[in-house]
Every structure is written in C-alpha cells, then in structure tokens.
Number of protein chains: 2
Amino acid sequence: MEIKETDKLKKHQLSITDARKKILAFFLQTPGALAHADIEHKSGTEFDRVTIYRTLQTFVEKGIIHTIPTSDNSIRYALCKDECVTGHHHDDHVHFICDDCGTTYCLDHVSVPKVKLPKGFKAVQTDLVVSGSCNKCEQ
Amino acid sequence: MEIKETDKLKKHQLSITDARKKILAFFLQTPGALAHADIEHKSGTEFDRVTIYRTLQTFVEKGIIHTIPTSDNSIRYALCKDECVTGHHHDDHVHFICDDCGTTYCLDHVSVPKVKLPKGFKAVQTDLVVSGSCNKCEQ
DNA sequence: ATTATTTTGCAACATAGTTGCAAGGTGTTA
DNA sequence: TAACACCTTGCAACTATGTTGCAAAATAAT
Ligand SMILES: [Mn+2]
Ligand SMILES: [Mn+2]
Ligand SMILES: [Zn+2]
Ligand SMILES: [Zn+2]
C-alpha cells in the first residue's frame, strides 16, 4: 500500500522520498499518536535522527500531522483530518492520554469547548488534554 | 519578608533551607508562572542546577506549586492555592500563555469545563491551555 | 540526459533532565 | 548546647532531546 503514502505526500506538495513514505506509513498504521522516539525505534538505523526531526517538522507545517501537548513534556504527533493544509490546521478536538498503556488518542468527535476569558485576553489556540484510563485499560 | 516563606515550607512539612526559601520567594514575587530556566537566571550561580530541579520536584509533590503544560514542550510552574497538599492537587483552572510577552497566567476564576468522553474512557486529570494575547499586550 | 532544487547524513553543538555519592546543613533528642 | 540521625546540596558524569551548517545524494523540472 505504498500508493496511499505517495498520494498524500503529493497532495500536500511534498517530494516523494523514502523517509517521508516510511514515516507517513507509521502514522497510517498507528491508531494513536507517535512521539519522535517511537519513530526512531520503529525505523531502527534506517534514517538519521535529524531526518526524523525534519520530516516531522515538515509534516506539521504542511498539515499532515498535528502536535499534542502533554504534561510530561514530550511532544506527540498524530495524523490530521484531510482538511488541514499548509499553515492552517483544523484540529480542534480533545486529546486523551492513558496513564496505564500510554496511548494517546485523538477524540475527533469531542470538540474543545469555548472558554470565557477575562477582559482583554484574546484566544488564538486552545488545547485540551485529558488523562486517565482508556477503554482498553478500564477494570 | 522571610517569615512568609518559612511558614509555607513548615506548613507543607519541609525542612527550611536557603534554596527552598529563595526559590519559593521567586514564586511569591512573580504574578505569572516560572520555568526552570527563569529560576536559574534569577538565582545566578547561587544554587546548582540540580538543586533547582529537585526543589521544583519537591514543591510539586508537596502541593506548593503545580505544573502547566505548554505546546512548546517546556514545563512551567505556578503557586498552588492553599488547598493543595501532598499527593493531592486541586488546580482545575484554565491556563493562558501570551504569544507576545510569553507570560503564563493561572486564570484561577476560569474553571475547566467537564468534557463528555466516549464510553470506557475515565478522566483523572484535565488540562486546558489557551494561548493568544494577554490584557497587557492587546492592541 | 542535464540541470536545478530539495533532502539527507554527518559532525558538532546546545539545552534539558537524571543519578550516585560524598560533604554539608537541618532538625531532634538528651 | 552537643551529639546524633536524617535530609539536602553540589559535583561529576551521564542520557536524552533538539538544532545548525555543510557536503553528498536523491528528487523534480527542463
Ligand atoms: Mn489530534
Ligand atoms: Mn495554575
Ligand atoms: Zn490505555
Ligand atoms: Zn502578554
């Protein structure tokens, strides 16, 4: 299924390279989110660390993946919906991090509520991250 | 006003040391939040980096400060309200980070809304971080 | 096929955070 | 207040994370 990756890269106006195809494939295979370290592990010595950093950066810029802030100071990345394009993301959904299994979920159908801010504060971006136990880990 | 710091440390069952008094004083003086690097700057060479790390950890554990996740992958810390104790924080307010001046605010009077999660997901903690421009930076 | 443009790997560097251990400081008890 | 036990600190060494410049390789355009 290499066609899918190639298509997506073309759609976002990126040249087709091995690193990009492979890293994009990881995201298409993974239900949850991935951290830089995950990709480094999965790909072994196939690519340089720096290439992975730069690829992730590029994917974020082009609207292929979005970042998920976490309270433990480690950025995770997940696939965007198809509407995201260069310089303009539409990922206004809630994220969930399971404390047991560590999986990060995009809750695409749970949207971030508007919050009323004090006078003079203007919101540009709102991140809502919930942590707890997921539906696979519940007792 | 060294009494204030000493009192707070005693209240949270910590022994009184120079590093703890000084670092706590920084928080009491600062309206917004502080990062590890801020404290390192403010204190110059007075304390070792490691001491600052350990002091912040201890303060978080004892309920003196709480962490604020940010989208740029850097943890910031802010004073807790008096109700927080060892192993049990009550900081369920919204945080605001100004993209212009970089200040991080605890919006103590804006509480985090409950979000409805899919079946099987149990929330333990919810972090809501808004970024944009603050009331001092608005044009 | 040739050329122009992008991407990659490497090396070097910078920042952030952790751990073990000996020395020094704090609190407790007599 | 002196002796002791316990906790905290500084130092060194280490790991992890992320960035930059540059030459070589790969890709895209002609
Ligand atoms: Mn998401
Ligand atoms: Mn706060
Ligand atoms: Zn789970
Ligand atoms: Zn501001």
Side-chain angles (χ1 to χ4, degrees), chain A residues 2-3 5-26 33-62 64-65 67-77 86 102 104, chain B residues 2-3 5-26 33-62 64-65 67-77 86 102 104:
Chain A
E2 195 177 292
I3 297 171
E5 288 88 40
T6 305
D7 269 11
K8 207 172 176 69
L9 290 173
K10 275 186 186 152
K11 194 170 158 188
H12 290 268
Q13 296 154 53
L14 287 172
S15 45
I16 317 298
T17 70
D18 289 349
R20 287 175 179 170
K21 277 189 289 188
K22 197 75 170 261
I23 293 174
L24 181 50
F26 287 146
L34 293 170
H36 175 275
D38 296 326
I39 295 164
E40 209 173 328
H41 278 124
K42 278 175 187 270
S43 57
T45 57
E46 198 172 349
F47 313 111
D48 193 83
R49 271 174 356 104
V50 180
T51 301
I52 298 173
Y53 279 114
R54 291 198 267 226
T55 303
L56 290 172
Q57 251 175 247
T58 304
F59 282 6
V60 170
E61 280 161 16
K62 297 287 181 174
I64 294 176
I65 59 178
T67 59
I68 303 166
T70 67
S71 42
D72 74 328
N73 209 17
S74 79
I75 300 179
R76 297 180 203 190
Y77 303 85
T86 303
T104 301
Chain B
E2 195 175 293
I3 297 170
E5 288 88 41
T6 305
D7 269 12
K8 208 173 175 70
L9 289 172
K10 274 186 187 152
K11 193 171 161 188
H12 291 268
Q13 296 155 55
L14 286 172
S15 47
I16 316 298
T17 70
D18 289 349
R20 288 173 179 172
K21 276 190 289 187
K22 197 75 171 263
I23 293 173
L24 181 51
F26 288 145
L34 293 171
H36 176 274
D38 296 324
I39 295 164
E40 209 173 329
H41 276 124
K42 277 175 187 272
S43 57
T45 57
E46 198 172 349
F47 313 111
D48 193 83
R49 268 172 0 101
V50 180
T51 302
I52 299 174
Y53 280 114
R54 292 198 266 227
T55 303
L56 290 172
Q57 252 175 249
T58 306
F59 282 7
V60 170
E61 279 161 17
K62 295 288 180 175
I64 294 177
I65 59 178
T67 59
I68 303 167
T70 66
S71 42
D72 74 327
N73 209 18
S74 78
I75 299 178
R76 298 181 201 189
Y77 303 84
T86 303
T104 302

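First the proteins, then the strands, lettered A, B, ... as listed; each starts at 1.
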(message) Under the rule for side chain to side chain contact (heavy atoms under 4.5 Å, CB included), what residues qualify as partners of Ala25(A), not counting sequence neighbours?
(response)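 Expected list: Glu5(A), Gln29(A).
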
(message) Could you work out, with ring pair (Phe, Tyr, Trp, His ring centres under 6.0 Å) as the rule, every residue matching His36(A), not counting sequence neighbours?
(response)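 In terms of ring pair (Phe, Tyr, Trp, His ring centres under 6.0 Å), with neighbours along the sequence ignored, His36(A) is linked to Tyr53(A).
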
(request) Taking heavy atoms of chain A and a 4.0 Å limit, find me the 5'-most and 3'-most nucleotide of DNA chain C within that range. (result)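 The footprint of chain A covers dT6(C) to dG17(C).
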
(request) Mind running a 4.0 Å heavy-atom check of residues 33-44 of chain A against DNA chain C and sending the residues that fall below it, in number order? (result)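 Close to the strand, none.
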
(request) Just report the end-to-end axis angle for the helix from dA1(C)-dT30(D) to dA30(C)-dT1(D), five pairs per end, to 10 degrees. (result)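 Roughly 40° between the end axes, to the nearest 10°.
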
Polar atom pairs between nucleotides 28-30 of chain D and protein, under 3.5 Å, N or O only, would you list them?
residue, atom, partner, partner atom, Å
dA28(D), OP1, Ile16(A), N, 2.8

(request) Could I get the full list of salt bridge (Lys or Arg N to Asp or Glu O under 4.0 Å) partners for Lys62(B), not counting sequence neighbours? (result)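 Applying salt bridge (Lys or Arg N to Asp or Glu O under 4.0 Å) to Lys62(B) gives none.
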
(request) Could you note down all residue pairs passing side-chain hydrogen bond (donor to acceptor under 3.5 Å, both in side chains) where residues 10-20 of chain A supplies at least one of them, sequence neighbours left out? (result)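 Sorted pair list: Ser15(A)-Arg20(A).
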
(request) Could you name each residue pair satisfying salt bridge (Lys or Arg N to Asp or Glu O under 4.0 Å) that touches residues 34-43 of chain B, not counting sequence neighbours? (result)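 For residues 34-43 of chain B, and leaving out neighbouring residues, there are no salt bridge (Lys or Arg N to Asp or Glu O under 4.0 Å) pairs at all.
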
(request) Could you name each residue pair satisfying salt bridge (Lys or Arg N to Asp or Glu O under 4.0 Å) that touches residues 44-55 of chain A, not counting sequence neighbours? (result)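 Counting only pairs at least two positions apart or across chains, the salt bridge (Lys or Arg N to Asp or Glu O under 4.0 Å) contacts touching residues 44-55 of chain A are Lys22(A)-Glu46(A).
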
(message) For Thr55(A), give me all partners under side-chain hydrogen bond (donor to acceptor under 3.5 Å, both in side chains), at least two apart in sequence or on another chain.
(response)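 side-chain hydrogen bond (donor to acceptor under 3.5 Å, both in side chains) list for Thr55(A), sorted by chain: empty.
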
(request) Output the residues of residues 51-60 of chain A in contact with DNA chain D, where contact means a heavy atom of the residue under 4.0 Å from an atom of the strand; sort by number or write none. (result)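 Here the set is Tyr53(A), Arg54(A), Gln57(A).
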
